Novice: 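So that we are looking at the same thing, I have put the structure below in structure tokens.
Note that the structure is predicted; figures quoted are calculated from it, not measured. When reading the values below, keep in mind they use all heavy atoms of this one structure, side chains included, and skip hydrogens, waters and symmetry mates. We name chains A, B, ... by the order of the sequence lines, and we start the count at 1 in each one.
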2 protein chains.
Amino acid sequence: MENNKKIWGDAFERIVEASAELFAENAFHSVGVREIANKANVNISMISYYFGGKAGILIEILNRFFDMQFSTLKNSIVETDSKEESIKRLFRNIVDMIRTHTNICLIGFSDLPNNVPEVYELKVNKTHQMMEIGNQISTRFCIDFCKDELTHILGPAMMSMLISHFTHKNFISQIYKIEFDNNYYDTYSNTLAELFLYGITGFSTEKNQ
Amino acid sequence: MENNKKIWGDAFERIVEASAELFAENAFHSVGVREIANKANVNISMISYYFGGKAGILIEILNRFFDMQFSTLKNSIVETDSKEESIKRLFRNIVDMIRTHTNICLIGFSDLPNNVPEVYELKVNKTHQMMEIGNQISTRFCIDFCKDELTHILGPAMMSMLISHFTHKNFISQIYKIEFDNNYYDTYSNTLAELFLYGITGFSTEKNQ
DNA sequence: ATAAATCAAACAAACGTTTAATTGATAATA
DNA sequence: TATTATCAATTAAACGTTTGTTTGATTTAT
């Protein structure tokens, strides 16, 4: 895939980038090929030319998302880490990933064009792989509580928890006047990591001291 | 609104029901009015007649969702509860709500037709109200850690955590062979409540004893 | 000279909405 | 009691757009 992109023109990448922005803002089916072509400054027919159709763009984006997610999770495994540092590093890395690739992540988590068979199958397969990696990480993290049968609960729960802020960000910023800077996301990542580690009980005692 | 429904025929309710199923399965913009009309056994023009357009159905569904969410949260406040029982009751009630109204909840949480101005504004307003109720509940629950400035993090995080299973359910059931019965959701609700209360640390020690 | 890249134009299909006519039941009139 | 008036409910058909895709010619670079 990396090779293809260099053989093909910039248009390929511009289409992916423009689509990612548009798909993240609104749902896949509500974005038209002409809107994409305009934003990417390419002719409409380039979409079918490069991606075989509109759905092909989404598949490209989803593949990038899952690759990114996999490597982020795997890179978060550091053998010498304590359990606490494991979780904190993991949460920090995931938040970093979402911040630097917000659009792709929002699409990967929330876009649900299940009526496109290719997309649906890809999601099933990748979810399966995610569960396996989740199991690996659980044991490597020495999270002994996390039996196989619980991975499918806690895995999605953890990821959804972390992404939730970014899906609500637009609404929240219209209500509160918060600056979403590095400091904010340090706190954000740490807060959720501590919640995940110790719950609101441990969290409250720690903060009150 | 309750009155209107009795003046109007069954068609009104059939349209809402059919749309909820379809919008939950696929995104709002990928569902056509003819598909809705077929499933509801009504003429296409009834949609504009009753709802003023396709978007009107979504607004009706979202209003029901937010009303439901508000009353579920408020009904979870029992003054005599301990902190632990407060959270467990809250989580139990939310899971019950999602189970009995899965479609409406999936739409309320994940459907994002932000390019429909009326829908977007409604979501902003209701999110605002949700945050206020979140604050009320936090203090009533004696969750002293939950300052105002953290509600906008923990509120969405908690809800997203609980809904995550239902958004992933289709994928998960293709991987694992799990029966999603009453027992499963008792465990599910309790597991996430304990995670929220004590984190994976407290959770593991409790389970290993 | 060859092949990839880009273009304007047209394609049929599906989209949401509107129209005007008709049905059905209820209320008012004679 | 029979007839008329009224209005909500429902229908088939057509409306003009917009949809994603394809075609065939043209440009660009190798």
Novice: Taking NZ, NE, NH1 and NH2 as the nitrogens, is one of them in B:Glu194 or B:Lys88 under 4.0 Å from a carboxylate oxygen of the other?
Specialist: yes
Novice: In whole Å, what is the span from the CD1 atom of A:Ile15 to the C1' atom of C:dC7?
Specialist: 13 Å
Novice: Has the side chain of A:Lys54 got a donor or acceptor atom that lies under 3.5 Å from a matching backbone atom of A:Val31?
Specialist: yes
Novice: With a 3.5 Å cut-off and no angle check, do the side chains of A:Tyr50 and A:Glu60 form a donor-acceptor pair?
Specialist: no
Novice: Going by the rule side-chain contact (heavy atoms from CB on, under 4.5 Å), which residues pair with B:Ile175 if we only count those two or more places apart in sequence or in a different chain?
Specialist: A:Thr127, A:His128
Novice: Starting from the first five and the last five pairs of the helix from C:dA12-D:dT19 to C:dA25-D:dT6, work out the angle between the resulting helix axes, to 10 degrees.
Specialist: 20°
Novice: Whole angstrom is fine here: how far is it from CG in A:Asn26 over to C1' in D:dT18?
Specialist: 16 Å
Novice: Applying side-chain contact (heavy atoms from CB on, under 4.5 Å), can you list everything that pairs with A:Ala40, at least two apart in sequence or on another chain?
Specialist: A:Arg14, A:Ile15, A:Ala18, A:Val42
Novice: Of the non-hydrogen atoms in B:Phe28 and B:Pro113, which two are nearest, and what is the gap between them?
Specialist: CD2-CB, 3.9 Å
Novice: Reading nucleotides 21-30 of chain D from the 5' end, what letters show protein touch, with B for base, S for backbone sugar-phosphate only, - for no heavy atom under 4.0 Å?
Specialist: BBB-------
Novice: Without decimals, in angstroms, what is the distance between A:His29 NE2 and D:dG20 P?
Specialist: 9 Å
Novice: In plain terms, say whether B:Lys74 and B:Glu132 are close enough for a salt bridge, that is, a side-chain N and a carboxylate O under 4.0 Å apart.
Specialist: no
Novice: I need the CD-C1' distance between A:Glu35 and D:dG20, as an integer number of Å.
Specialist: 14 Å
Novice: Taking it one step at a time, do A:Phe65 and A:Phe109 satisfy ring pair (Phe, Tyr, Trp, His ring centres under 6.0 Å)?
Specialist: CA-CA 9 Å; A:Phe65 164 70; A:Phe109 274 108; 5.4 Å; yes
Novice: Applying salt bridge (charged side-chain N to carboxylate O under 4.0 Å, His left out), name anything that partners B:Lys169, two or more places apart in sequence or on another chain.
Specialist: none
Novice: Output the rounded distance in Å from CG (A:Leu22) to C1' (D:dG20).
Specialist: 16 Å
Novice: Is atom CD of B:Gln174 surrounded by more than 12 heavy atoms (other residues, nucleotides or ligands) closer than 6.0 Å?
Specialist: yes
Novice: Could you tell me how far apart B:Tyr50 (OH) and C:dT18 (C1') are, to the nearest whole angstrom?
Specialist: 17 Å
Novice: Taking only N/O atoms, report every protein-nucleotides 21-24 of chain C pair under 3.5 Å with atom names and distance.
Specialist:
none

Novice: Salt bridge check: are B:Glu121 and B:Lys126 linked by an N-O gap of less than 4.0 Å?
Specialist: no
Novice: Using whole Å, what does the distance between atom P of nucleotide D:dA9 and atom CD of B:Glu13 come to?
Specialist: 14 Å
Novice: Can you check the B:Ile57 CD1 to C:dC15 C1' distance for me, whole Å?
Specialist: 14 Å
